Amino acid sequence: MTMNAQGRPTRSDAPTVNAAPTFTGNKALQIEEALIFEVGHFAGTGVDLPEPNGGVDRLGGLNRNTDIGLPGLSEPETMRHFVRLSQKNYAIDMGPFPLGSCTMKHNPRLNEKIARLPGFSDLHPLTPEAQCQGALELIDQLAFWLKELTGMPAVAMSPKAGAHGELCGMMAIKAALEARGEAGKRTRVLAPESAHGTNPATAVQCGFIVDAIPADKTGRVDLAALKENLGDDVAGIMVTNPNTCGLFERDIRAIADAVHEAGGYFYCDGANFNAIAGKVKPGDLGVDAMHINLHKTFSTPHGGGGPGSGPTVLSEALAPYAPVPYVHFEDGKFSLVETRRAAKAEGESAKSLGRLTAFHGQMGMFTRALAYMMSHGRDGIAQAAEDAVLNANYVLSRLKEEMTPAFDGYCMHEALFDDGFLKDTGVETIDFAKAMIDEGYHPMTMYFPLVVHGAMLIEPTESESKRELDQFCEALLSLAKRAKAGDVDAFKAAPLHAPRRRLDETAAARKPVLRWTSESSVQAAE
Ligand SMILES: *Cc1c(COP(=O)(O)O)cnc(C)c1O
């Protein structure tokens with residue numbers, strides 16, 4: 001009888017025929033699944049409609065005369081295809097998702113229930129205001145609590161992700177500089193070396209030049225270096241707090257003051273707000289603009305890359321430049337201010353930077369985020385932040401037996417390690433991450449932030465129980481011991497048990513095959 005580290009039998013001692021490939025390619029319940037283009041037949045579909053008989057052709061000769069080229073499957077075949085694919089996916093509903101900076105927390109089912117209420121889920125974005133007062137009130141209430149939690153006077157609700165919120169904030173900064181007649185002069189934006197890639201990307205998108213500010217020995221912004229870089233050509237600074245090393249920027253007030261004195265604005269990347277929500281109000285730290293990732297801090301699902309939601313809070317100085325539309329409440333009625341002219345008529349700002357999206361933002365995410373806030377309450381939100389920090393510090397202190405923390409001392413909501421413990425083992429961060437897949441874990445964030453060599457950034461969030469964290473830590477400790485014991489070949493070969501072995505990530509990035517043709521499946525197989 002073979003036992004696993006959890007003391008459970010994994011295999012009987014009865015002789016087994018050695019794992020020969022199966023006829024189907026399936027491995028028990030792991031079903032090999034081809035692309036839908038390969039299994040679908042172009043002639044058929046899942047619906048069985050009678051041939052049209054006559055009727056007036058209003059297409060004016062534009063009728064399609066070739067096959068549409070979409071794969072056709074019956075309803076049960078379609079269902080099985082997508083369920084099988086979904087079972088190859090790792091999900092927060094299956095186990096811990098320790099991706100640092102991403103805040104993969106549990107998505108409470110209560111939120112899903114509320115979001116599925118027909119009054120919310122069936123609304124069309126062009127529903128007349130008189131018929132969607134409840135939905136507008138919900139947006140307004142969520143906006144109220146976001147302002148309350150951040151201590152900021154205004155919030156733009158329409159940005160659809162964190163990066164989009166950054167764009168909103170930086171466009172507001174640009175608009176404010178234009179109003180001051182300084183847009184031509186203030187061309188530089190400062191960002192720490194540890195910044196998330198979206199920060200410099202956003203600044204460049206808005207036409208700024210980005211200058212990197214080094215970190216000090218403790219992993220925080222080097223205040224002296226920052227001050228040296230300030231001048232009357234600086235539009236502002238973009239700082240994440242807690243930062244991407246999982247550390248609170250202790251000098252944050254001094255940073256804000258120095259930037260303001262130099263005439264710039266302070267953009268705070270609020271992706272890590274989940275570590276301080278209910279404890280610290282960014283408005284008290286001198287922030288001018290900050291996005292909040294509802295899909296991180298407020299537990300709404302990340303989905304397959306979307307939909308997210310990135311409401312952006314704005315200071316008194318930037319509020320006049322907020323994008324349209326926004327919800328307005330007067331005489332007991334909610335309405336949407338859709339244009340700059342309408343804003344002026346309302347006696348509000350005519351300086352709006354304009355429109356960032358069609359419609360008003362991600363309604364489904366607003367509903368879920370408000371449900372999360374209401375079910376947690378003021379004290380519950382603060383406790384979620386405390387528990388996230390506690391869990392990260394538990395992971396940090398357990399893993400430092402075998403792994404090397406990047407910085408000394410306690411962390412906030414995520415624990416950062418470098419690859420020091422792998423020195424001379426031949427095993428690299430990527431091999432370590434791939435071996436985690438074999439153990440049934442989604443890898444942590446790798447090679448980010450860039451300021452740490454071979455970085456491994458682990459964010460457990462408040463969702464994980466001690467039992468879950470212990471098992472995770474024991475798995476990582478055992479991997480670290482194996483790496484040090486010289487098991488390098490096994491690490492280089494990992495993952496062994498995943499549906500696909502190690503992929504050529506460089507080729508995937510450099511030569512992506514983005515469109516299926518009958519040849520591309522042959523190409524990919526080669
Ligand atoms: C996630 C994240 C972003 C970007 O947010 P998206 O919602 O993914 O666009 C920006 N900065 C940091 C630090 C992040 O972790």
Side-chain angles (χ1 to χ4, degrees), residues 92 97-105 107 146 156-171 189 191-206 210 212-213 215 219-221 237-249 252 266-277 282 287 289-313 356-357 361-362 364-366 368-369 385 388 392 411-416 442 444-452 455-461:
I92 191 68
F97 219 123
L99 278 179
S101 214
C102 295
T103 314
M104 307 295 287
K105 59 166 89 176
N107 314 136
L146 291 175
M157 297 299 287
S158 62
K160 295 195 174 188
H164 202 203
E166 290 176 36
L167 185 67
C168 172
M170 294 310 284
M171 284 174 74
V189 164
E193 280 174 343
S194 61
H196 192 264
T198 50
N199 295 183
T202 301
V204 168
Q205 184 94 357
C206 291
V210 181
I213 303 297
R220 297 173 174 85
V221 171
I237 184 166
M238 298 182 85
V239 174
T240 312
N241 196 22
N243 70 20
T244 59
C245 299
L247 304 168
F248 194 83
E249 293 285 355
I252 196 76
F266 174 14
Y267 186 91
C268 183
D269 179 328
N272 294 337
F273 188 48
N274 63 307
I276 55 170
V287 168
M290 180 181 99
H291 73 261
I292 302 160
N293 309 61
L294 297 187
H295 46 290
K296 294 180 181 172
T297 303
F298 296 107
S299 83
T300 71
H302 288 241
S309 184
T312 302
V313 289
L356 281 174
T357 67
Q362 302 284 35
M365 297 303 123
F366 296 163
R368 288 173 175 85
C411 61
M412 292 293 288
H413 61 303
E414 50 196 356
L416 178 60
H442 192 288
M444 69 291 262
T445 292
M446 295 179 285
Y447 299 107
F448 173 81
L450 305 177
V451 288
V452 165
M456 295 172 225
L457 183 61
I458 301 176
E459 178 174 10
T461 82

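For ligands, and for the atoms within them, numbers begin at 1 and follow the listed sequence. Fair warning: this is a prediction, and the values are worked out from it, not measured in the lab. Note: hydrogens, waters and symmetry copies are ignored here, and every other heavy atom, side chains too, is used.
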Would F273 and H291 count as a ring pair (Phe, Tyr, Trp, His ring centres under 6.0 Å) here? Give the steps. CA-CA 9 Å; F273 188 48; H291 73 261; over 10 Å; no

Under a 4.0 Å heavy-atom limit, does H164 contact ligand 1 with its side chain, its backbone, both, or neither? neither

Numbered in order shown, the ligand 1 atoms found under 4.0 Å of a heavy atom of A271 are 2 (C), 11 (N), 12 (C), 13 (C), 14 (C), 15 (O)

Could you see which bit of A163 sits under 4.0 Å from ligand 1, with heavy atoms only: side chain, backbone, both or neither? both

Nearest option to atom 13 (C) of ligand 1, as decided by whichever heavy atom of N199, N243, T202, D269 sits closest: D269

So R368 and S299, do their side chains get closer than 4.5 Å, heavy atoms only? no

Consider every N or O of A161 and every N or O of ligand 1, then say whether any pair is closer than 3.5 Å. no

Quick one: do N274 and E459 satisfy side chain to side chain contact (heavy atoms under 4.5 Å, CB included)? Show the steps, please. CA-CA 11 Å; N274 63 307; E459 178 174 10; 3.1 Å; yes

Report the C-alpha distance between N243 and R220 in whole Å, list the side-chain angles of each, state the deciding distance to 0.1 Å, and finish with yes or no for side chain to side chain contact (heavy atoms under 4.5 Å, CB included). CA-CA 8 Å; N243 70 20; R220 297 173 174 85; 4.2 Å; yes

For N241 and E249, does a side-chain donor sit closer than 3.5 Å to a side-chain acceptor? no

Out of curiosity, Q362 CD to T357 OG1, how far, rounded to the nearest 0.5 Å? 8.5 Å

With respect to T244, determine whether any N or O atom, backbone or side chain, lies less than 3.5 Å from an N or O atom of ligand 1. no

Residue, atom and distance of the protein heavy atom nearest atom 14 (C) of ligand 1 read K296 NZ, 2.9 Å

For atom 8 (O) of ligand 1, grab the closest protein heavy atom and report residue, atom and distance to one decimal in Å. H295 NE2, 4.3 Å

Compute the shortest N/O to N/O distance between T240 and ligand 1 and return yes if it is under 3.5 Å, no if not. no

If you draw a 6.0 Å radius around CD in E193, do more than 12 non-hydrogen atoms from other residues or ligands fall strictly inside? yes

Taking side chain as C-beta onward, heavy atoms only, is E166 less than 4.5 Å from N199? yes

Among all protein non-hydrogen atoms, which one is nearest to atom 5 (O) of ligand 1, and what is the separation to 0.1 Å? N293 ND2, 3.0 Å

What is the nearest protein non-hydrogen atom to atom 6 (P) of ligand 1, stated with its residue, atom name and distance? G162 N, 3.4 Å

